[in-house]
Amino acid sequence: MADMQNPTDLIATMGARARLAAAALAALPTGTKRAGLCAASAAIRAQSAAILAANAEDMERATAAGLSGALLDRLRLDEVRLASVADSIAAVAALDDPVGATIDTRERPNGLTLTRVRVPIGVIGIIFESRPNVTADAAALCVMSGNAAILRGGSEARASNRALHAAFADGLAAAGVPRDAVQLVPTTDRAVVGAMLTAAGLIDLIVPRGGKSLVARVQADARVPVLAHLDGINHIFVHASADPAMAAAVVVDAKMRRTGVCGAMETLLIDRAYPHAATLVEALAAAGCDVRGDDAVQRLTSVAPATAADWDTEYLDAIASVALVDGLDGAIDHIAAHGSHHTDAIVAADAGVAEQFLARVDSAIVLWNASTQFADGGEFGMGAEIGIATGRLHARGPVALEGLTTYKWVGRGTGQVRG
């Protein structure tokens, strides 16, 4: 397939091949899928030098293009990160196969037995930017859940994606899994995105992984169901009862561990009755964070003023907005007004207050006394994730194997008729 092929024709061809691969995948035994993923993991390790060389090429080009530090961090691979990619594929291979699992069974008074079982969705289109590890994570999850994948990566990671995909496909083929189970779009022409979004009948689900503009375009233009989130405007509320040492550790980790991930804290809310607010803000600043505070925070310690836009901004950088709020109700009101339903946390010693927070905050992930950086499929024991879903239908939170299945009803009778 040439890079200059008509985008609609290209996706039609890839979609037809993916549809055939999906049918083959759905019938594969668990052992064959496991073997394919283990071989893919081994191939990535064996081809690590080529993959890292390709990533160095991408990093050089991205640096020259002036990409931000956060985007460069997302793009960068090293030996440790690449080993983690291979490990995550092996971890997915070790998970329980969701395909064919019984969700529930019921027997009707007439003796008809109805069973609801998990089945693959079919063909999944993943459109992503920057992070080359998505190539492997998404591919592994799709294969294990019996779905074929069509991957369209960003131009900034094109060499890395091609190298990772080549190794992954080599591993699948060596174990008897169709190579077309995971296809990488061979061009970064943006028109291909439009072709994927309108490929109803060829692609069953689109998963965007990237910045707000990408996700917004996908959600606006898609004629195929979409599983996505727009922003990760995540909050931590430090209640008056919080242990000071725990609060500082959780808040600093949530913001500064990796600032460019969607689970990073963007806004810190501090109970007006918390006696150590100034110390907490200073700990965040001492860790290298640019702190922007409301009027009350500015009176406590020296920080830059927060603007109205700060409360609705996903920084993905070493920047945080901080506000003092009137207890639990104040925190929940702020999160309802400015949150993105991604991940929100409370630090509190008062269990009653914490349970109210967990029950009342309408986010895909809510945490008590833990960093928002745990918003990750691997940390949830899912091996990897294809993304975080913040909608209310089908799947929510980290989407892994079960989130990439649907179900069908199987009826077993003995000649029943309705008459």
Side-chain angles (χ1 to χ4, degrees), residues 70 73-74 131 134 137 207-212 215 227-239 242 246-270 280 284 289 310-323 325 328 330-348 353-400 402-403:
D73 180 62
R74 289 185 174 200
R131 292 180 182 166
V134 173
D137 287 349
V207 181
R209 294 282 303 269
K212 186 173 182 177
V215 179
L227 192 67
H229 75 271
L230 270 176
D231 294 307
I233 303 177
N234 308 317
H235 302 76
I236 290 185
F237 169 50
V238 176
H239 182 251
M246 178 190 293
V250 169
V251 166
V252 170
D253 180 85
K255 177 70 263 186
M256 301 302 293
R257 173 189 166 269
R258 287 191 68 184
T259 60
V261 298
C262 66
M265 181 197 78
E266 305 294 15
T267 298
L268 171 62
L269 304 174
I270 306 175
L280 180 58
L284 193 56
C289 183
D310 281 310
W311 312 115
D312 300 306
T313 298
E314 182 182 23
Y315 300 112
L316 298 174
D317 203 348
I319 307 169
S321 50
V322 184
V325 294
L328 177 66
I332 291 175
D333 288 347
H334 185 105
I335 292 169
H338 302 285
S340 60
H341 307 288
H342 191 293
T343 302
D344 296 293
I346 180 172
V347 182
V353 169
E355 292 297 341
Q356 285 189 60
F357 180 94
L358 299 177
R360 292 170 59 190
V361 172
D362 179 26
S363 294
I365 303 168
V366 287
L367 300 164
W368 175 18
N369 290 345
S371 168
T372 57
Q373 298 255 346
F374 283 105
D376 176 86
E379 295 297 327
F380 276 49
M382 296 175 172
E385 69 179 38
I386 204 164
I388 304 284
T390 56
R392 292 174 176 81
L393 298 179
H394 179 64
R396 207 172 191 211
V399 179
E402 285 192 2

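These values consider heavy atoms only, across backbone and side chains, with no hydrogens, waters or symmetry-generated copies.
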Polar side-chain atom of [X] near backbone of [Y] as donor-acceptor pair, under 3.5 Å:
{"X": "Glu266", "Y": "Ile233", "answer": "no"}
{"X": "Glu379", "Y": "Phe374", "answer": "no"}
{"X": "Arg209", "Y": "Ile386", "answer": "yes"}
{"X": "His341", "Y": "Asp362", "answer": "yes"}
{"X": "Glu314", "Y": "Gly232", "answer": "yes"}
{"X": "Asn234", "Y": "Thr267", "answer": "no"}
{"X": "Lys255", "Y": "Ile319", "answer": "yes"}
{"X": "Trp368", "Y": "Glu355", "answer": "no"}
{"X": "Arg396", "Y": "Ala389", "answer": "no"}

Please find the pair of heavy atoms, one from [X] and one from [Y], that lie closest to each other, and give the distance.
{"X": "Ala395", "Y": "Gly403", "result": "CB-CA, 4.2 Å"}
{"X": "Gly377", "Y": "Pro398", "result": "CA-CB, 3.8 Å"}
{"X": "Ala318", "Y": "Met256", "result": "CB-CE, 3.8 Å"}
{"X": "Cys262", "Y": "Arg74", "result": "N-NH2, 4.5 Å"}
{"X": "Asn369", "Y": "Ala348", "result": "OD1-N, 2.9 Å"}
{"X": "Leu268", "Y": "Val238", "result": "CD1-CG2, 3.8 Å"}

Is any side-chain heavy atom of [Y] closer than 4.5 Å to one of [X]?
{"X": "Leu328", "Y": "Arg360", "result": "yes"}
{"X": "Val207", "Y": "Val399", "result": "no"}
{"X": "Phe380", "Y": "Ile365", "result": "yes"}
{"X": "Leu269", "Y": "Ile335", "result": "yes"}
{"X": "Tyr315", "Y": "Thr259", "result": "no"}
{"X": "Phe237", "Y": "Asp344", "result": "no"}
{"X": "His235", "Y": "Val325", "result": "no"}

Pairwise distance [atom1]([X]) to [atom2]([Y]) - rounded to 0.5 angstrom:
{"X": "Thr343", "Y": "Leu367", "atom1": "OG1", "atom2": "CG", "answer": "6.5 Å"}
{"X": "Ser321", "Y": "His338", "atom1": "OG", "atom2": "NE2", "answer": "9.0 Å"}
{"X": "Asp312", "Y": "Ser340", "atom1": "CG", "atom2": "OG", "answer": "10.0 Å"}
{"X": "Ile388", "Y": "His342", "atom1": "CD1", "atom2": "NE2", "answer": "5.0 Å"}
{"X": "Ile270", "Y": "Leu280", "atom1": "CD1", "atom2": "CG", "answer": "4.5 Å"}

**side chain to side chain donor-acceptor pair (under 3.5 Å) partners of Gln373, counting only residues at least two apart** = Arg257
**Prompt:** Could you walk me through whether Asp253 and Ser371 pass the side-chain hydrogen bond (donor to acceptor under 3.5 Å, both in side chains) check?
**Reply:** CA-CA 6 Å; Asp253 180 85; Ser371 168; 2.7 Å; yes
**Request:** Could you walk me through whether Asp231 and Lys212 pass side-chain contact (heavy atoms from CB on, under 4.5 Å), step by step?
**Result:** CA-CA 6 Å; Asp231 294 307; Lys212 186 173 182 177; 3.4 Å; yes
**Item:** Residues that Asp376 engages under salt bridge (charged side-chain N to carboxylate O under 4.0 Å, His left out), provided they are two or more places apart
**Value:** none
